[in-house]
Amino acid sequence: MEDYNFFVGQEFPDVKAFRSAIKEAAIAQHFELRTIKSDLIRYFAKCASDGCPWRIRAVKLPNAPTFTIRSIDGTHTCGRNANNGHHQASVDWIVSFIEERLRDNINYKPKDILHDIHKQYGITIPYKQAWRAKERGLAAIYGSSEEGYYLLPSYCEEIKKTNPGSIAEVFTAGEDNRFQRLFVCFRASIYGFFNGCLPIVGLGGIQLKSKYLSTLLSATSFDADGGLFPLAFGVVDVENDDSWTWFLSELHRVLEGNTECMPEFIFLSDGQQGITDTVRSKFPSSSHAFCMRHLAESISKEFKNSRLVHLLWKAAYATTTIAFKEKIAEIEEVSPEAAKWLQHFDPSQWALVHFKGTRFGHLSSNIDEFTKWILDARELPIIQVMERIHSKLKTEFDDRRIKSSSWCSVLAPSAEKLMNEAINRASIYQVLRSDEVEFEVLSADRSDIVNIGSYSCSCRDWQLNGIPCSHAAAALISCRKDVYAFTHKSFTVASYRNTYAESIQYIPAKLEWSKTDKSSMDDNILVVRPPKLRRPPGRPEKRMCVDELSREKHTVHCSRCNQTGHYKRTCKAEMINSIEQF
């Protein structure tokens, strides 16, 4: 408290500095301040408590902005009891208190603001006041949410100017041009996807937490080393079937415009109806599957049983129908309700053995990893979210390009490791050759048929993952074939380098953009206004796919009394029987 003791003759740089100091002292020393006179040349205030004699007077020195204390009368007799709030602890004061903390930590929560203010000053402020101060502080540092939407057209133009061939479009609704949707896809991402990535596209959305309601939609893939590769992303005012149909239509337009023949892709998502229908219509030759991570989370939330989650993953990775049926039988044994629940999901859309095509070892999308890129920026204006993604993309492209330049192997590191493991296991197998392409590979406990002409093995690992299994490696080595030549090209170092061959170019800071002037609205220049719907306070609703919303909830069943609504461990029938016997 010694820092807040004033004395006659004490000087301050200007009136603003003095007002800030006296307000800080009032808050720290727990007394309310009543200002009697305050202007640019004088300041006179007293303690607001009735009967307290404390007074202070300060004036501006001649020919200088300096303020000095002329008199301090009396001492506090008020008991200084302003513990449960303080009139001087305004939103502006809280902003000044948290500004540096917000710069270091965007996710500085209102409850943490309350805690830190109480710890330092011993006062309690309302939660809503802390929330408003954080919103105003973020706006002061990063710009307002309204400005973020206003700058979108300029930002899209900068993307297309600095990264030729990229797509960046903003869409509005209504006569007043309210923001509706944004789609961005960099030219370097398009090139890298077609020339080096696995033919897998993960789809997902994450709610943004700025002042206005919006959701970030994204399409991602995998590079040769299994790393995250963002392909395209967009922001929509509302996530629903229509917005997903729009996003996938935009993605189809971009991909179609950059290839003569559309390849077959594997789309992974949480199974929303809009995604399923649009993939079927826009990408008819492609496949759609459930993201296994999402399916595992769903069964975990539904039945609260880690054993079921473990068995579900085992069933998903099973490479034979026998092994798959065994795991499903175990799930039914653990919980008949869970087995019935799982019947709503076609095995061909989540189980490896029933999927038509190669999964390249990926049963889940990497959307969660992409989400981490912008997790701490979700509360910022939309323009800041876009800049965060661009900055991360540029850094990752540059770093991975440099990293791969020193690789000497044929395959990317993760694939090379799998290949070496397969070759090591193959050394103990016995190989019997049937003809030019077919072999029988004998191990200690099984026999497998390998056909190097069709790139297949009876264990199914080769055709499902795209990398020769140990049986295939044994057959290929026995006939002096190069095992690497029989690996899918998407796993090679050459493909990895192609993925990051083009650069994400630098985009100037927003101060350098040619801002759209509001007065130029009549010149057919788009001025984007924020959506009408603001984000409501509190925790957002749980995101659920459409299929999950329409699915009936399972009914619990007691194995002791054969009644519904409870389990065996909570059954009261035995207790009632005991009471009756007594």
Side-chain angles (χ1 to χ4, degrees), residues 1-39 42-59 67-142 209 211 376 379 537-539:
M1 292 301 175
E2 290 77 5
D3 295 338
Y4 304 108
N5 289 330
F6 297 114
F7 56 88
V8 174
Q10 186 175 356
E11 295 184 350
F12 300 86
D14 51 35
V15 64
K16 185 178 179 181
F18 173 75
R19 287 170 180 167
S20 176
I22 195 69
K23 177 183 286 189
E24 191 84 4
I27 295 171
Q29 296 181 351
H30 297 178
F31 67 89
E32 292 289 359
L33 193 67
R34 179 175 297 166
T35 303
I36 298 173
K37 183 71 176 178
S38 177
D39 54 32
R42 71 199 119 181
Y43 182 93
F44 182 31
K46 67 176 184 176
C47 179
S49 181
D50 292 337
C52 184
W54 186 87
R55 304 281 190 280
I56 189 169
R57 187 169 66 90
V59 297
F67 247 63
T68 183
I69 297 177
R70 279 283 186 256
S71 65
I72 302 175
D73 301 322
T75 57
H76 284 286
T77 60
C78 54
R80 302 180 182 182
N81 54 3
N83 295 335
N84 296 321
H86 202 291
H87 285 98
Q88 302 301 319
S90 62
V91 171
D92 287 338
W93 176 81
I94 300 173
V95 169
S96 65
F97 174 79
I98 67 175
E99 186 170 352
E100 288 305 315
R101 291 173 171 86
L102 272 179
R103 291 184 187 276
D104 297 335
N105 178 20
I106 298 172
N107 291 317
Y108 188 33
K109 298 179 180 179
K111 67 176 184 179
D112 296 325
I113 296 174
L114 298 177
H115 174 269
D116 291 346
I117 289 178
H118 187 270
K119 182 179 179 180
Q120 183 163 337
Y121 295 99
I123 62 172
T124 302
I125 61 174
Y127 180 92
K128 195 170 185 178
Q129 198 169 359
W131 186 86
R132 285 176 176 169
K134 179 182 177 179
E135 190 176 63
R136 194 177 296 180
L138 288 175
I141 299 170
Y142 300 103
K209 295 183 176 181
K211 186 176 179 180
D376 62 345
E379 297 185 36
R539 188 181 297 274

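Nothing here was measured: the structure is a model prediction, and the numbers come from that model.
Taking CD1 from I98 and CG from D116, the interatomic distance works out to 10.0 Å, rounded to the nearest 0.5 Å. Here the CD atom belonging to Q129 is positioned 7.5 Å from the OG atom belonging to S90, to the nearest 0.5 angstrom. Separating the CD1 atom in I117 from the CD1 atom in I123 is a distance of 6.5 Å, to the nearest 0.5 Å.
The heavy-atom pair separating K134 from P110 by the smallest distance is CD-CD, 4.3 Å. Of all heavy-atom pairs spanning A48 and R34, the tightest one is O-NH2, 3.6 Å. Heavy-atom minimum distance, F6 versus A21: CZ-O, 3.6 Å. Scanning both residues, I72 and V8, for their nearest heavy atoms gives N-CG2, 3.9 Å. When all heavy atoms of I125 and A89 are compared, the pair lying nearest together is CG2-CB, 4.2 Å.
Taking the ring pair (Phe, Tyr, Trp, His ring centres under 6.0 Å) definition, one finds that Y142 meets it with nothing, sequence neighbours left out. With sequence neighbours left out, the side chain to side chain contact (heavy atoms under 4.5 Å, CB included) criterion links K128 to R132. Judged as a side chain to side chain contact (heavy atoms under 4.5 Å, CB included), and not counting sequence neighbours, the contacts of E99 are R103, I141. Residues satisfying the salt bridge (charged side-chain N to carboxylate O under 4.0 Å, His left out) criterion with E11, sequence neighbours excluded, are absent altogether. For the ring pair (Phe, Tyr, Trp, His ring centres under 6.0 Å) test, no residue two or more places apart in sequence or in another chain qualifies with Y108. Taking R57 as the reference, nothing meets the salt bridge (charged side-chain N to carboxylate O under 4.0 Å, His left out) condition, with sequence neighbours excluded.
E32 places a side-chain N or O within donor-acceptor distance of the main-chain N or O of H87, the cut-off being under 3.5 Å. Looking at Q88, its side chain does come within 3.5 Å of a backbone N or O of L33 through a donor-acceptor pair. Side chain of Q29 to main chain of A26: no donor-acceptor pair is present (N/O by atom type, distance under 3.5 Å, no hydrogens or angles). In this structure a side-chain-to-backbone donor-acceptor pair under 3.5 Å is present from R101 to F97.
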Practice problem: Begin with the C-alpha distance, continue with both residues' side-chain angles, and end with the deciding distance and a verdict on side chain to side chain contact (heavy atoms under 4.5 Å, CB included) for T35 and F44. | Solution: CA-CA 6 Å; T35 303; F44 182 31; over 6 Å; no

Quiz prompt | Intermediate values then yes/no, side chain to side chain contact (heavy atoms under 4.5 Å, CB included), E379 and K211 | solution = CA-CA 8 Å; E379 297 185 36; K211 186 176 179 180; over 6 Å; no

Exercise. Take T75 and W54, measure what side chain to side chain contact (heavy atoms under 4.5 Å, CB included) needs, and give me the verdict at the end.
Key: CA-CA 5 Å; T75 57; W54 186 87; 5.7 Å; no

Self-check item: Audit row: V59, Y43, side chain to side chain contact (heavy atoms under 4.5 Å, CB included) steps and yes/no
Solution: CA-CA 6 Å; V59 297; Y43 182 93; over 6 Å; no

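Residues K37 and D39 are in side-chain contact: their nearest non-hydrogen atoms beyond the backbone lie under 4.5 Å apart. Contact annotation: the side chain of Q10 never approaches that of T68 to less than 4.5 Å [non-hydrogen atoms, C-beta and beyond].
The aromatic rings of Y121 and W93 stand perpendicular to each other, their planes meeting at an angle above 60°, with 30° marking the opposite boundary. Below 30°, between 30° and 60°, or above 60°: for F18 and F12 the angle between ring planes is above 60°, a perpendicular geometry.
Side-chain polar atoms of R55 and S71 form no donor-acceptor pair below 3.5 angstrom.
Both the sub-6.0 Å distance and the 45° axial angle are not jointly satisfied by R70 relative to the ring of F67.
With respect to the salt-bridge test (charged N to carboxylate O, under 4.0 angstrom), the residues K46 and D73 do not qualify.
Of the residues K16, R136, R19, the one that meets the salt bridge (Lys or Arg N to Asp or Glu O under 4.0 Å) test with D92 is R136.
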